[in-house]
Amino acid sequence: MRHHDDAPSQDEEDDWVSKSQLKRESLALRKLGETLVKLKPHELAKVPLNEDIKEAVELAHRLHNKREGLRRHMSYLGKLLRVNDVSEIQKAIAGFAHKDTTANAKFHKLELWRDRLIKEGDKGVNALMFEYRHLDRQKLRQLARVGRKELAADLPPVAYRQLFQYLKANIKEE
């Protein structure tokens, strides 16, 4: 006969984690390790890593052309990440992703403005000047006019590129 005291306590039930959950967590940490290895050197320098993890990442860079060795080493890196707190590492990597997303959005916005200026001419210039009063209206009109002529004559898009570079240099987002 089983007594009430023989039942597992609530704390023991809360600590139990399924084998599948452990595998998912292990895989996630291994992917984090792969992300660390793929970072550019200047980005990696900004990530807070302890010495063991830094050395493991550096070794992974040296093993890039040894497929089986790299696979085993990535498992080792995942194991190192499992025994360390990775929250700061994840925050740093998320910050890089946010910067990339922001830069892509700005780039896309500039491309849209450039295309609108080429397509609409003075109407597009006026709309842009309404938003960004510090820009040179004459330069915008000239580049847009020459860009339209280049596209119509199927010439190399020199002014088209110059217009984009002008917008990129002079439109600063807050």
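Below, all heavy atoms of this structure are taken into account, side chains as well, without hydrogens, waters or symmetry copies.
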How close do Arg148 and Gly121 get, heavy atom to heavy atom, and via which atoms? NH1-CA, 3.3 Å

Could you pull out all residues at least two apart from Glu43 that satisfy salt bridge (Lys or Arg N to Asp or Glu O under 4.0 Å)? none

Any donor-acceptor N or O pair under 3.5 Å, side chains Gln138, Gln142: no

State, yes or no, whether a side-chain contact exists between Lys109 and Phe107 at a heavy-atom distance under 4.5 Å. no

Within a strict 4.5 Å, meaning less than it, do heavy atoms of the Leu140 and Leu163 side chains meet? yes

Given side chains that start at C-beta, do those of Leu36 and Ile93 come closer than 4.5 Å, heavy atoms only? yes

In terms of relative ring orientation, are Tyr76 and His73 parallel, tilted or perpendicular, with 30° and 60° separating the classes? tilted

If I compare all heavy atoms of Val37 with all of His61, which pair ends up nearest, and what's the gap? O-NE2, 2.9 Å

State, yes or no, whether a side-chain contact exists between Leu135 and Tyr166 at a heavy-atom distance under 4.5 Å. yes

With a 6.0 Å cut-off (strictly less than), is the heavy-atom count around NE2 of His108, excluding the residue itself, greater than 12? no

Is any side-chain heavy atom of Leu49 closer than 4.5 Å to a side-chain heavy atom of Leu44? yes

Pairwise side-chain contact, Arg72 with Glu68, heavy-atom cut-off 4.5 Å (strictly under): yes

Compare all side-chain heavy atoms of Arg82 with those of Ser26 and state whether any distance is below 4.5 angstrom. yes

